Number of protein chains: 2
Amino acid sequence: MILSTKGRYGLKAVFELSMNYGLGPVSLRKISGKYSISESYLEQLFAKLRKEGYIETVRGPRGGYLLAMEPEKITVGMILRALEGDITTSECISKDVCSREAICATRVIFEKIENSISDVIDNITLADMQVKKNILMEETDEQETIS
Amino acid sequence: MILSTKGRYGLKAVFELSMNYGLGPVSLRKISGKYSISESYLEQLFAKLRKEGYIETVRGPRGGYLLAMEPEKITVGMILRALEGDITTSECISKDVCSREAICATRVIFEKIENSISDVIDNITLADMQVKKNILMEETDEQETIS
DNA sequence: ATATACCCTACTTAATTACTGGGGATTGTG
DNA sequence: CACAATCCCCAGTAATTAAGTAGGGTATAT
């Protein structure tokens, strides 16, 4: 499993905010309830996202969280990296061997993997996710729910 | 860090075998010494690869490990999956919500990530790695060792 | 005033990773 | 044939990370 619950829960939750963009704040309780995620755990994830400037908060009754910018401006990569840390595959096992061999054959592979992941996550915004979702839901409607 | 030492050590070690393809077995001690990997740990990784049929062993003095097939026939993906298990990004957080929503917007993302990783690792063989390495080493030779 | 929300830090539990150790089986070599 | 080199296998352990809990504090709409 490449992503931990941090990234998975976090992306779901942010997507939820994005679906409510422009409609005021959404409370932790609502989101954690909907996805059965521990409220306190999710709070910690949101704290990271807030520090990175992707979400904002409104305190007090009827308060909650909201996106700090348009869904078009936030990529999946921003969220995943904020929560999971940098998505790297490897550091060199032994710098010694690496420098002796001038170039590490395996490092090339790992860099390719990293780049292909970045290609995906940096090129999908929250807005894209919403579009994608709508398209897919129409498709399933037409076909009477496959799965 | 997406890959653990299992995949990283393992791929290095198998690559080492591939460089010795056709020249007889290579002992654990040599490989673990070269890369400063615990002999016993590497042994466990090799055990998995042997069970999957990628490497073979010769016991007794002058024995060791060797590829069970040509480097052209073994992909990076085979090795990484044997060692790390399936490279999946996620399971659904809550089946309930997923089915209620008909389709999970985040799942689409995770599948894309998985596919792009597979694209990379299933299309590089050990033989490719060797070629790549040679090309890169020539480049560095010409330029008087950059790093 | 008070209930509803976020804010923050520390602790705990569970799982996984990354080893370590040791006894056993095979086999080429002197 | 003895013996050292090598793989084989299983069990244990230490370290790290992930995942979740707990609780007291602050802001604010009503």
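The structure presented is a predicted model; accordingly, all values stated were derived computationally and were not measured. Lettering follows sequence order; numbering is per chain, from 1.
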Is there, by distance only and without an angle test, a donor paired with an acceptor across the side chain of [X] and the base of [N] below 3.5 Å?
X	N	result
E39(B)	dT6(D)	no
E43(A)	dC8(C)	yes
S38(B)	dA18(C)	no
R59(A)	dT28(D)	no

Between [X] and [N], is there a side-chain N or O to OP1/OP2 distance below 4.0 Å?
X	N	answer
R50(B)	dC9(D)	yes
S4(B)	dA18(C)	yes
Y9(A)	dA19(D)	no

Could you check how far [atom1] of [X] sits from [atom2] of [N], rounded to whole Å?
X	N	atom1	atom2	value
L66(A)	dA5(C)	CG	C1'	13 Å
L28(B)	dC9(D)	CG	P	13 Å
L45(A)	dA18(D)	CG	P	12 Å
K48(A)	dC6(C)	NZ	P	19 Å
I2(A)	dA18(D)	CD1	C1'	17 Å
L83(A)	dA18(D)	CG	P	12 Å
K6(A)	dA15(C)	NZ	C1'	13 Å
R62(B)	dA4(D)	CZ	P	17 Å

Original post:
Are any of the side-chain nitrogens in E52(B) or K48(B) under 4.0 Å away from the carboxylate oxygens of its partner?
Top reply: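 So E52(B) does not pair with K48(B) through a salt bridge.
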**OP:** Identify the residue among V26(B), N20(B), V14(B) that makes a side chain to side chain contact (heavy atoms under 4.5 Å, CB included) with I31(B).
**Re:**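 That would be V26(B); it is the only one of V26(B), N20(B), V14(B) passing the side chain to side chain contact (heavy atoms under 4.5 Å, CB included) with I31(B).
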Original post:
Does T57(B) reach the side chain of F46(B), with side-chain heavy atoms less than 4.5 Å apart?
Top reply: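 No, side chains not in contact.
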Original post:
Are the side chains of E114(B) and I87(B) in touch, meaning some heavy atoms are under 4.5 Å apart?
Top reply: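 No, side chains not in contact.
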Looking only at side-chain atoms of [X], point me to the closest of [options].
X	options	value
Y41(A)	dA5(D), dC9(D), dT21(D)	dT21(D)
T5(B)	dA10(C), dC19(C), dA19(D)	dC19(C)
P61(B)	dA5(C), dC7(C), dA5(D)	dA5(D)

**OP:** Using distance alone, with no hydrogens and no angle criterion, decide if D128(A) and T125(A) have a side-chain donor and acceptor under 3.5 Å apart.
**Re:**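 Their side chains do contain a donor-acceptor pair, which is all the 3.5 Å distance test asks for.
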Subject >> Side-chain donor-acceptor pair present, S4(B), E84(B), cut-off under 3.5 Å >> reply: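 Side chains of S4(B) and E84(B): pair found under 3.5 Å.
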Subject >> Nearest-nucleotide 5' precedence on DNA chain D, Q44(A) against R29(B) >> reply: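 Going by which nucleotide is closer to the 5' end, it is R29(B).
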Students often get this wrong, so: under 4.0 angstrom with heavy atoms, is [X] touching a base, only sugar-phosphate, or nothing?
X	answer
S27(A)	sugar-phosphate
F46(A)	nothing
S40(A)	base

